[in-house]
Visitor: 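Here's a structure for you.
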Amino acid sequence: MDNREIAAVFEKMADLLEFQGANPFRVRAYRNGSRRLQDLPDSIAVLVEQESDLTKLDGIGKDLAEKIATLVKTGSLPQLEELLAEIPEGVLALMRIPGLGPKKASVIYKELGVETLEQLREACEAEKVRDLKGFGAKTEKTIMDGIALAERAGERVYWATADEIVQRIHEHLQNCKAVEQLAVAGSYRRGRETVGDLDFLVDASDVASVMDHLGEFDDVADVIARGDTKMSVRLDSGMQVDLRVVPTESFGAALQYFTGSKEHNVVLRSMAKDRGLKINEWGVFRVDGDNEEYLAGAQEADVYAALDLPCYPPELRENRGEFDYTSKKDLPKLLELDDLVADLHMHTTATDGKQTIREMVAAAQQRGLKYIAITDHSKRVTMARGLDADRLRTQWDEIDKVNDEVEGILVLKGIECDILEKGGMDLPDDVLAEADWVVASVHYGQNQERQQITDRILGALENRWVSAIAHPTGRLINKRDRYAVDLEAVMQAAKANGKLLELNANPARLDLDDVHCARAKQLGIPIVINSDAHSIHGLDVLRYGVLQARRAGLTAKDVANTRSWKAMSKLIKRG
DNA sequence: GCCGTTTTCGGCCCGACTGTTTTCAGTCG
């Protein structure tokens, strides 16, 4: 069993226990454990084999450690089987309906025998739900709407997609005269690869006019809730937007609070409590009996300063070790978009790109890049009319001409060479040897067994002419799972062979992800952030890669293409 | 179920909003 499978078991345990009405802190312990495993770059199965002490992991105690060992050794968990014998699995889907939590879902199951979403809809249509204790006609309607919603959307969108919506709402709210300060918080601000909803924060005294203004935004489908300080709306796309309106003295505290993450805030508030302080979205307070004295809250940094902590970059606020940094000078200076001076993975009209070499070069130069690599597909990628040796050499002649013509930017002769299904590279070594830069990647045979696909990539890493592995997991967020590759083995081989690993900045890829980039940093493997552009517009995705890198805690030093080509090529063992 | 310099029991972040209630439970973030 791999980490994700074990994490999924714990998540299911948490759902089932919650449904049963178990101690909420026990439920949380399972969720924390699940999350801890997902954030772990090392293979849990390997740790169990080596008889490592799993209780050293934060959030994993004696009990969860034993359950992990059981799962690894037997592939199943008796306690999970017992729970599933008591509760039909379909019932868990009920809890995912907005407005239905464990308590209400449990009542519906026990009183009406409802086990599926279809049965739930029938019960609502028959108006049976409204007669249950604690329910009413409005709740019944909320549930009906929730079912339709769950069927329609419910998926988190790419950060890039969220960003487009954010920009439009931001502009709309800016036009409201009552708005003094405006910020976007939540997972969007933390730069997560996907975003579930949007949190807008406004400093204004005239609350009603701000809420009215949001209600007038073109895409608002309906208003879910509206109170004295908080309003929630749903857009036509299904995206939920929350708005909080707070006074100036609370703006920083609210920004801190709504940026999260939840796990980060739990730790922060607990630390405050130890000091006799209380942190909420209204500010930092000194608690003395029934008295609460306001200490800070206007600026976000003031909230952290009240606990003698540095103001953490939002990307690090996941309770994944950021609290180890106790002063500003300890904080890593995270990578910024301007640090990137090169983009070493892009396509042209020679294969499946939309623009010519010259067009791509001009666009790269406009974006301030100092050097780029043209890396069209190799011949195996027949759908994209991949290049054979002859066509590739013709392209390289063209690149020589371009380099003679343009100034201020260097164009490298590159190739995205496929790693073949049976192993080995799609082009012979003597051709690869003539390239300045070779990214190796898997496009075919993605469903192979772990060992086979891992061996293919290890083979590529042992090829003396390969520079880097592109999109090392092949995942497409929300669309396609990563291949079964053993990434730890890949990283060890990259380290041993002096190769780079790519963080592909395409918003649907973003692999290596934050957890694995952090692991690569630990091992001292330089990351190269590339656009994989298939058009001029495609060059603009680098900023998404930068966000992912920041979440991994990467600095300019950890990223290869922040260096000059001369300095960068020294990082790679090639030839 | 986890955790520990008030440590092996007794805590575990905190508040807004809604609907169904006559003072609060459930849900959400």
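Residue numbering restarts at 1 for every chain, and letters A, B, ... go by the order of the sequence lines.
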Visitor: Indicate, with a heavy-atom threshold strictly under 4.0 Å, whether A:Phe258 touches base, sugar-phosphate, or nothing.
Guide: nothing
Visitor: Could you give the start and end, 5' to 3', of the contact zone on DNA chain B for chain A, using atoms under 4.0 Å from its heavy atoms?
Guide: B:dG1 to B:dG29
Visitor: Only counting residues at least two apart or in another chain, list the ones meeting salt bridge (charged side-chain N to carboxylate O under 4.0 Å, His left out) with A:Asp513.
Guide: none
Visitor: Using the ring pair (Phe, Tyr, Trp, His ring centres under 6.0 Å) criterion, which residues pair with A:Phe135? Sequence neighbours excluded.
Guide: none
Visitor: Under 4.0 Å, heavy atoms only, any strand: does A:Lys104 hit a base, just the sugar-phosphate, or nothing?
Guide: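 Contact class for A:Lys104: sugar-phosphate only.
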Visitor: Could you identify which residues of residues 263-279 of chain A place a heavy atom less than 4.0 Å from some atom of DNA chain B, listed by residue number, or say none?
Guide: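 Nucleic-acid contacts, sorted: A:Val266, A:Arg269, A:Lys273, A:Lys278, A:Ile279.
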Visitor: Any donor-acceptor pair under 3.5 Å linking the side-chain atoms of A:Glu171 with those of A:Gln167?
Guide: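 No, no side-chain donor-acceptor contact under 3.5 Å.
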Visitor: Which donor-acceptor pairs under 3.5 Å do the side chains of residues 95-110 of chain A make with protein atoms, sequence neighbours left out?
Guide:
{"unit_1": "A:Arg96", "atom_1": "NH2", "unit_2": "A:Asp15", "atom_2": "OD2", "d": "3.4"}
{"unit_1": "A:Ser106", "atom_1": "OG", "unit_2": "A:Lys110", "atom_2": "NZ", "d": "3.4"}

Visitor: For B:dT8, which nucleotide in any strand shown is its Watson-Crick or wobble partner with both distances under 3.5 Å?
Guide: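 Per the H-bond distance test, none.
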Visitor: Where each residue is assigned the nucleotide of DNA chain B containing its nearest heavy atom, which of A:Leu100 and A:Asp58 is assigned the position nearer the 5′ end?
Guide: A:Asp58
Visitor: What distance, rounded to whole Å, do you find between the two P atoms, one in B:dA16 and one in B:dT21?
Guide: 24 Å
Visitor: Do any of residues 221-233 of chain A sit with a heavy atom less than 4.0 Å from DNA chain B, and if so which?
Guide: A:Ala225, A:Arg226, A:Gly227, A:Asp228, A:Thr229, A:Lys230
Visitor: Which value, in whole Å, describes the distance between the C1' atoms of nucleotides B:dC13 and B:dG29?
Guide: 12 Å
Visitor: Scan A:Ala253 against the nucleic acid and name what it touches under 4.0 Å (heavy atoms): base, sugar-phosphate only, or nothing.
Guide: nothing
Visitor: More 5' along DNA chain B: A:Glu140 or A:Gly59, using each one's nearest nucleotide?
Guide: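 Looking at the nearest nucleotide for each, A:Gly59 comes out on the 5' side.
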Visitor: Taking B:dT8 as the reference, what is the distance to B:dG1 when you measure between their C1' atoms (whole Å, please)?
Guide: 14 Å
Visitor: Give me the distance, rounded to whole Å, that separates B:dC17 from B:dG11 when you measure between the P atoms they each carry.
Guide: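 These two P atoms come out 30 Å apart once rounded.
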Visitor: Do any side-chain atoms of residues 216-224 of chain A form donor-acceptor pairs under 3.5 angstrom with protein atoms, and if so which ones, sequence neighbours left out?
Guide:
{"unit_1": "A:Asp219", "atom_1": "OD1", "unit_2": "A:Arg168", "atom_2": "NH2", "d": "3.3"}
{"unit_1": "A:Asp219", "atom_1": "OD2", "unit_2": "A:Arg168", "atom_2": "NH1", "d": "3.1"}
{"unit_1": "A:Asp219", "atom_1": "OD2", "unit_2": "A:Arg168", "atom_2": "NH2", "d": "3.1"}

Visitor: Applying side-chain hydrogen bond (donor to acceptor under 3.5 Å, both in side chains), name anything that partners A:Arg320, two or more places apart in sequence or on another chain.
Guide: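 If we apply the side-chain hydrogen bond (donor to acceptor under 3.5 Å, both in side chains) test to A:Arg320, skipping adjacent residues, the hits are A:Asp39, A:Asp514.
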Visitor: Applying side-chain hydrogen bond (donor to acceptor under 3.5 Å, both in side chains), name anything that partners A:Glu125, two or more places apart in sequence or on another chain.
Guide: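 side-chain hydrogen bond (donor to acceptor under 3.5 Å, both in side chains) check on A:Glu125 returns nothing, list empty.
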Visitor: Taking the same atom, P, in B:dT27 and in B:dT20, what whole-Å distance lies between them?
Guide: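 The answer is 13 Å between these two P atoms.
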Visitor: Using a heavy-atom cut-off of under 4.0 Å over every strand shown, decide if A:Pro24 touches base, sugar-phosphate, or nothing.
Guide: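 Nothing, no heavy atom under 4.0 Å.
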Visitor: When you measure from the side chain of A:His264 to the backbone N and O of A:Leu316, does any donor-acceptor pair fall under 3.5 Å?
Guide: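 No, A:His264 side chain to A:Leu316 backbone: no donor-acceptor pair under 3.5 Å.
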Visitor: Between A:Glu292 and A:Arg286, is a salt bridge (Lys or Arg N to Asp or Glu O under 4.0 Å) present by the stated rule, with each step listed?
Guide: CA-CA 6 Å; A:Glu292 287 182 1; A:Arg286 181 170 304 289; over 6 Å; no
Visitor: Using a heavy-atom cut-off of under 4.0 Å over every strand shown, decide if A:Lys67 touches base, sugar-phosphate, or nothing.
Guide: sugar-phosphate
Visitor: Name every donor-acceptor pair, under 3.5 Å, that has one atom in a side chain of residues 238-249 of chain A and the other anywhere in the protein, sequence neighbours excluded.
Guide:
{"unit_1": "A:Gln240", "atom_1": "NE2", "unit_2": "A:Asp242", "atom_2": "OD1", "d": "2.9"}
{"unit_1": "A:Asp242", "atom_1": "OD1", "unit_2": "A:Ser232", "atom_2": "OG", "d": "2.7"}
{"unit_1": "A:Arg244", "atom_1": "NH2", "unit_2": "A:Glu281", "atom_2": "OE2", "d": "2.9"}
{"unit_1": "A:Thr248", "atom_1": "OG1", "unit_2": "A:Asp203", "atom_2": "OD1", "d": "3.1"}
{"unit_1": "A:Thr248", "atom_1": "OG1", "unit_2": "A:Asp203", "atom_2": "OD2", "d": "3.1"}

Visitor: Got a sec, which residues hit ring pair (Phe, Tyr, Trp, His ring centres under 6.0 Å) with A:Phe200, two or more places apart in sequence or on another chain?
Guide: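 A:Phe200 satisfies ring pair (Phe, Tyr, Trp, His ring centres under 6.0 Å) with no other residue.
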Visitor: Could you work out, with side-chain contact (heavy atoms from CB on, under 4.5 Å) as the rule, every residue matching A:Asn280, not counting sequence neighbours?
Guide: A:Lys278, A:Trp282, A:Phe285
